[in-house]
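Note that the coordinates shown come from a computational prediction; the quantities given were computed from them, not determined experimentally. Numbered from 1 within each chain, the chains take letters A, B, ... in sequence-line order.
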Amino acid sequence: MRLFPALYSWVGERVDLAPLIYLIKKKTVPDHKHSLWYYTGGMTLFFFAIQIATGILLLLYYRPSAEAAYESVQFIMTEVKFGWLIRSLHSWSANLLIGALFVHMFSVFFMKAYRKPRELTWFSGSFLLFLCLAFGFSGYLLPWNKLAYFATKVGTDIAGQIPILGHSVLVFLRGGEEVSGATLTRFFGFHVAILPAAATFLLLLHLILVQLQGMSVPPALENNPNKKSIPFFPHFLLRDLLGWLLALLLLVVLASIFPWELGEKADPLAPAPAGIKPEWYFVFMFQTLKFLPAEILFIPGELVGIAAFTVGGILLLFVPLLDKNPAGRSGRWISRIGWGVVVYMVVFTILGYLWPATK
Amino acid sequence: MKRWFKKFVRTGSYASALTGLLIFSARAQDTCLECHRQMEENLKTPTLHIEADVHYQRGISCAGCHGGDPKEEDPDLSMSPARGFIGVPKPQQIPSFCARCHSDVEYMKHYNPKLPTDQLAQYRTSVHGKQLAKGDTNVATCISCHGVHGILRPTDTRSPVFKTNVPKTCAGCHADKKRMAAYKIPTNQYHDYLESVHGKLLLEKKELSAAACTDCHGNHGASPPGLSDVAGACGECHPSNRDLFEKSPHKEPFQKAKLPQCAACHGNHKVLPPTDEFLGVGEGAVCVQCHKSGSKGYETAAVFKALLDSLKAATEEARGLVKKAEVAGVKVGLTKFDLRACEDVIVHSRSELHAFNLADFRALIQDGMTKAERVKKASLVSLEDLEIRRKGLIFSGVLILFLCIGLWLKIRKLDRERGNPSVKS
């Protein structure tokens, strides 16, 4: 019982903790009818932390080569104590992380939290979203199973459609003309070195900005004379903790109902299985490209689709600069477009799973 | 050192120049080639591919076979019988003509000690040789298969007697309806062979161990295998099945009924890839060609098929369970080896069939069934691991749920203690 006061006193004699204690005691978080969405950021962070912890554990046994990758994941799942749990948590948490990220981003978007002075927080968050998609794409191939192999083939084929640079991008991603062991090795490099380095920097920047600027209040509630808030410690922190526990519960439920499978080992010489699909968060884009005609005004349909998604990504990134009056007319229009995008993503994702494989 | 090297190079150059000159003068002295190269059509043809000829390459030129004097420029003298010229041999003379050297053990030893020298003796026992002896010049002689003036080693892939070229070489005569009409033999052998398992392996997959015409019929002593020799011919490559057939109850009745052993069920030139449908009494079954419905043989054939099918079904089920466990990521370990053993029994039983011993076959199938059952049980045990994992996760989930409830109660308690935690900012 006396351990914490003693520890506090020991540290306090060496570092002045008073300003930190003062900050924690004084810090408050706005409380209003939309404040539930504040917890999505914490949940995203929680899933990210699970990814780091389980990813490090998987690294102890994973071997990044076409000859050994599948067998090493099989070893993790069958021979390593609780290896199956770590792998299942890593795979499920990766998906829930992307899901939480989308929810967090759209909640920030619709609450107009990107408006001045939080543009930098939005930019860093947008880049984090792109990084997490890259994490998902690169990580999906690492078990070297059949589905992952062909999904990567399709995904990198799409990247190869980019005008002029397409072939170079494809060769850079694949480490050659075809998806091979070279692709696996470099995807592993992206997944465990390059992307984590970039994500750590952006995440720190994002969290520092959030702490410095505090939570944003939606414009409609900003001028409310009865604005309320709750203390950060312990009230908001315990609620955030509850959010994390609920996230963990969801993770456990999904992992128990749908255990993440190992799949069949990739065979580059085998024909592609019918109805091959990317991870669910890419399905709306994949389905759109499938629906586009071969040519639109003499331009290849796929190219038009890729260009549209690229423009969409850029517009999303620059929303804070485009929305000149978040509380006014432009803000309303941007919200309407945002809802359109949400509906479009949901509908095309569902279509992606329901549409016949041959189409 | 430098002087020594220069001397060496100089001596080498002189030696090379001298050798070249000797070869050139030696070739220049071959008046056969010199004259025939300047002639037209038929008379020029023998010179066209002579450089590739295995004999020419070993120093045997025109005179080596045809006699004469290749140093003499006057055609009357160079092709004079007095100088040993024997001219172009007649078709009946060709085997003996080639055999002057090829049957001479002492002579052939100098070129290739391993080369057989019994070709002529073999040829005389062949259908071709016998017909030729009767004066039929329409039959194949040495040059029909090996070519003439440009003969390549049989190991040369361009040679007409190289393994993959043999079927086409034989077909050159045997698919020729006009040529074969006099002998009243069919001409569809090549066409059938192309569809056969042997033809596909040899000609499409370039599998040189697959049978070509000469593997069953012989080459120099080519003749159709007799009824009692068929199993011997097939058994050269399929010894296990031959031995099983030899002790099978089919051997004697086949002989009595003059059925060509293996070929009775599998065909001869059109040996199709065997399937399990060959067995039994269903569509495509060969047993029903002899065993009519209601007979004991018919019933036995059905039992054989049912036994094989039961093992295949059990193995398929076991394979499905192993795959399910493997894909799910649970430990299958040695079960995969047991499954392989099970699959081996199916392969073994397909061969064992040729003995048509129902008791032995049943015992073999039973062994396979036991193995399949073991694989199924082991796979189900492995799959139970999934359930254990699931239960563990559900238990953890319940704990987390309690923790959530506890935390929620704590939050509510804190809120109550603080009054309304939400304050005006």
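- Residue B:Lys391: no heavy atom, backbone or side chain, is found under 4.5 Å from chain A.
- Scanning both residues, A:Leu246 and B:Cys404, for their nearest heavy atoms gives CD2-SG, 3.9 Å.
- Within a 6.0 Å radius of OH in A:Tyr353, other residues, nucleotides and ligands contribute more than 12 heavy atoms.
- You'll find the side chain of A:His235 stays beyond 4.5 Å of the side chain of B:Ile411, heavy atoms only.
- Taking both residues in full, the closest heavy atoms of A:Leu245 and B:Leu403 are given as CD2-CD2, 3.9 Å, listed atom of the first, atom of the second, then distance.
- Taking every heavy atom of both residues into account, A:Pro259 and B:Arg390 meet most closely at CD-NH2, 3.3 Å.
- In this structure, CG on A:Leu250 lies 10.5 Å from CD1 on B:Ile400, to the nearest 0.5 angstrom.
- A 6.0 Å sphere centred on NZ of A:Lys153 holds more than 12 heavy atoms belonging to other residues, nucleotides or ligands.
- Counting heavy-atom neighbours within 6.0 Å of B:Glu387 CD, excluding the residue itself, gives a total above 12.
- Counted within 6.0 Å of CG on B:Leu334, heavy atoms from surrounding residues, nucleotides or ligands total 12 or fewer; the atom is thus considered open.
- If you measure heavy-atom distances from A:Leu251 to chain B, you find no contacts under 4.5 Å at all.
- Among B:Val327, B:Leu393, B:Leu401, the residue with the largest count of heavy-atom pairs under 4.5 Å with chain A is B:Val327.
- One distance of note links CD1 of A:Ile257 with CD1 of B:Ile394; it measures 7.5 Å at 0.5 Å rounding.
- By a heavy-atom distance cut of under 4.5 Å, A:Tyr70, A:Gln74 are the residues of residues 68-75 of chain A near chain B, going up by number.
- No more than 12 heavy atoms of other residues, nucleotides or ligands lie within 6.0 Å of NZ in B:Lys323, so this atom counts as exposed by the packing criterion.
- The neighbour count for B:Lys312 NZ, taken as heavy atoms of other residues, nucleotides or ligands under 6.0 Å away, is above 12.
- Once rounded to the nearest 0.5 Å, the distance linking CG of A:Leu262 with CD of B:Glu326 reads 7.0 Å.
- For A:Tyr61, the OH atom counts as loosely surrounded, since its 6.0 Å shell holds 12 or fewer non-hydrogen atoms of other residues, nucleotides or ligands.
- Atom CH2 of A:Trp37 has 12 or fewer heavy atoms from other residues, nucleotides or ligands within 6.0 Å.
- The minimum heavy-atom distance between A:Pro234 and B:Leu414, with the atom names listed, is CG-CD1, 3.7 Å.
- If you take CG on B:Asp415 and CG on A:Leu238, they are separated by 9.5 Å, rounding to the nearest 0.5 Å.
- Neither the backbone nor the side chain of A:Trp244 comes within less than 4.5 Å of any heavy atom in chain B.
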